[in-house]
Amino acid sequence: MLLDLGYAALPRLLEHVPAERVDAVWVSHGHPDHCADLNPLLRARSLRDEPAPALPVFALPGALDAVLALDGPGGLSDAYVLHDIVPGEPFEVGPFRADALLLPHHVPNAGVRLSVDGTALAYTGDTGPSPGVVELARDADLLVAEATYVDAVPDRHARYLTSARQAGAQAARAGAERLMLTHLWPDTDRTAARRAARDAFGGEVGVADIGQVVDLGR
């Protein structure tokens, strides 16, 4: 189950798993840093001697119109099956129960909670501070949370983006076991971001990195 795939995500993914082994894709919203590499993933699966089965893709209505149109009308239509996310209506995907909530961003954005056999992961996509984040992450084993800024979010983005400190506070309110910060700016001080989150959250805090593996086994 692949959650978001922005610029240059596919080459990194292919270092670990072939394209045809991806079983489903969740896209939180339509900004290209979260969905641009859906196009090359579909190409890698379909433009081969034995095309992979159509890939289930879950997204909010209209979120993927631009990226799915890159190959022209019907260009990759046999490579995927698009499922509209309906926030508040749980559904099953493979072994997972998926619960989605709309979270505030510049464009419609769906956070998700994936749970299986008593283990839960919550992922925010991009979002401003919201009670919905706390709801998705309630007692989760891992919250993967937007943390674009370390401390203060500029006023123009305050409703739509989150700081590491705010992410830590939300993880604490949710009672999450672990927190992983993601969506940091390239020049953000990762140590400072981790420290800010720890000021508000007593659990384990990490920062997402290339090739990182987190074991959620109990």
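- Every pair passing salt bridge (Lys or Arg N to Asp or Glu O under 4.0 Å) that includes a residue from residues 147-156 is listed here, sequence neighbours excluded: D151-R165.
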Inset, instruction - Could you go through the side-chain contact (heavy atoms from CB on, under 4.5 Å) check for R190 and D209 one step at a time? - result: CA-CA 10 Å; R190 298 164 70 87; D209 203 357; 3.8 Å; yes
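- Considering all non-hydrogen atoms of both residues, A193 and A164 come closest at O-CB, 3.3 Å.
- The shortest side-chain heavy-atom distance between T148 and L184 does not fall under the 4.5 Å cut-off.
- Contact record, R45 with V22: NH1-O, 3.0 Å, taken as the closest heavy-atom pair.
- The aromatic rings of W185 and Y149 lie perpendicular to each other, with more than 60° between the two planes, well past the 30° mark.
- Side-chain atoms of R138 do not come within 3.5 Å of backbone N or O of A176 as any donor-acceptor pair.
- The side-chain hydrogen bond (donor to acceptor under 3.5 Å, both in side chains) search around Y123 returns D4, not counting sequence neighbours.
- The line from CD of Q166 to CD of E146 is 9.5 Å long, rounded to the nearest 0.5 Å.
- The line from CG of L5 to NE2 of H34 is 10.5 Å long, rounded to the nearest 0.5 Å.
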Please tabulate, one pair per line, all N/O donor-acceptor pairs under 3.5 Å involving side-chain atoms of residues 7-15, not counting sequence neighbours.
none

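- Panel note: side chain E89, backbone V86; no donor-acceptor pair is recorded below 3.5 Å.
- Under a hydrophobic-cluster definition in which Ile, Leu, Val, Met, Phe, Trp and Tyr are linked whenever side-chain heavy atoms come within less than 4.5 Å, directly or via other members, L41 and V57 are assigned to the same cluster.
- Taking every heavy atom of both residues into account, F58 and A24 meet most closely at CE1-CB, 4.1 Å.
- Residues satisfying the side-chain hydrogen bond (donor to acceptor under 3.5 Å, both in side chains) criterion with R48, sequence neighbours excluded, are E20.
- Residues forming a side-chain contact (heavy atoms from CB on, under 4.5 Å) with A54 (at least two apart in sequence, or on another chain): V81.
- Shown here are the side-chain hydrogen bond (donor to acceptor under 3.5 Å, both in side chains) partners of D23, two or more places apart in sequence or in another chain: there are none.
- With sequence neighbours excluded, the residues forming a side-chain contact (heavy atoms from CB on, under 4.5 Å) with A174 are V134, A137, listed by chain and number.
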Legend entry - side-chain contact (heavy atoms from CB on, under 4.5 Å) evaluation trace for D139 with E177: CA-CA 7 Å; D139 298 324; E177 183 174 337; over 6 Å; no
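- Here the closest non-hydrogen pair linking H16 and G211 is NE2-CA, 4.1 Å.
- No continuous path of hydrophobic side-chain contacts links V144 to L161 [ILVMFWY only; heavy atoms under 4.5 Å].
- In this structure, D33 has no salt bridge (charged side-chain N to carboxylate O under 4.0 Å, His left out) partners at least two apart in sequence or on a different chain.
- Counting all heavy atoms, side chain and backbone alike, T162 lies closest to A167 at CG2-N, 3.8 Å.
- In this structure, T119 OG1 and D141 CG are separated by 4.5 Å, a value rounded to the nearest 0.5 Å.
- Remark: the backbone N or O of L42 is paired with a side-chain donor or acceptor of S46 at under 3.5 angstrom.
- To the nearest 0.5 Å, the span separating OG on S130 from CD on Q170 amounts to 7.0 Å.
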Inset, instruction - Please report the C-alpha distance between V214 and L216 in whole Å, then the side-chain angles of each, then the deciding distance to 0.1 Å, and finally whether the side-chain contact (heavy atoms from CB on, under 4.5 Å) criterion is met. - result: CA-CA 6 Å; V214 178; L216 297 183; 3.9 Å; yes
Tabulate below the donor-acceptor pairs under 3.5 Å that side-chain atoms of residues 99-110 make, not counting sequence neighbours, or state none.
unit_1	atom_1	unit_2	atom_2	d
D99	OD1	R97	NE	2.7
D99	OD2	R97	NE	3.3
D99	OD2	R97	NH2	2.8
H105	ND1	Y160	O	3.0
H105	NE2	H31	ND1	3.3
H106	NE2	H157	ND1	3.4
N109	OD1	S28	OG	3.4
N109	OD1	H29	ND1	3.0
N109	OD1	D126	N	3.4
N109	ND2	T124	O	3.0
N109	ND2	D126	O	2.9

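- Every residue was checked against the ring pair (Phe, Tyr, Trp, His ring centres under 6.0 Å) condition with F201, not counting sequence neighbours, and none meets it.
- Without hydrogens or angle criteria, D189 side chain to A192 main chain gives a donor-acceptor distance under 3.5 Å.
- One finds the CE atom of M1 at 5.5 Å from the CG atom of L3 (value rounded to the nearest 0.5 Å).
- Follow the hydrophobic side-chain contacts under 4.5 Å out from I210 and you never reach M180; the two are in separate clusters.
- Under a 3.5 Å cut-off, the side chain of R173 and the backbone N or O of G168 do not form any donor-acceptor pair.
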Scan the side chains in residues 60-77 for donor-acceptor partners under 3.5 Å anywhere in the protein, sequence neighbours excluded, and list what turns up.
unit_1	atom_1	unit_2	atom_2	d
D71	OD1	N39	ND2	2.7
D71	OD1	R43	NE	3.4
D71	OD2	R43	NE	3.2
D71	OD2	R43	NH2	2.6
S77	OG	G74	O	3.2

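- Here the CG atom belonging to L136 is positioned 9.5 Å from the OG1 atom belonging to T127, to the nearest 0.5 angstrom.
- At most 12 heavy atoms of other shown residues, nucleotides or ligands fall within 6.0 angstrom of atom CG in D49.
- Under the 4.5 Å side-chain contact rule for hydrophobic residues, L55 and V93 do not share a cluster.
- With sequence neighbours excluded, no residue forms a side-chain hydrogen bond (donor to acceptor under 3.5 Å, both in side chains) with D78.
- Under the 4.5 Å side-chain heavy-atom criterion for grouping Ile, Leu, Val, Met, Phe, Trp and Tyr, V27 is not connected to F91 through any hydrophobic cluster.
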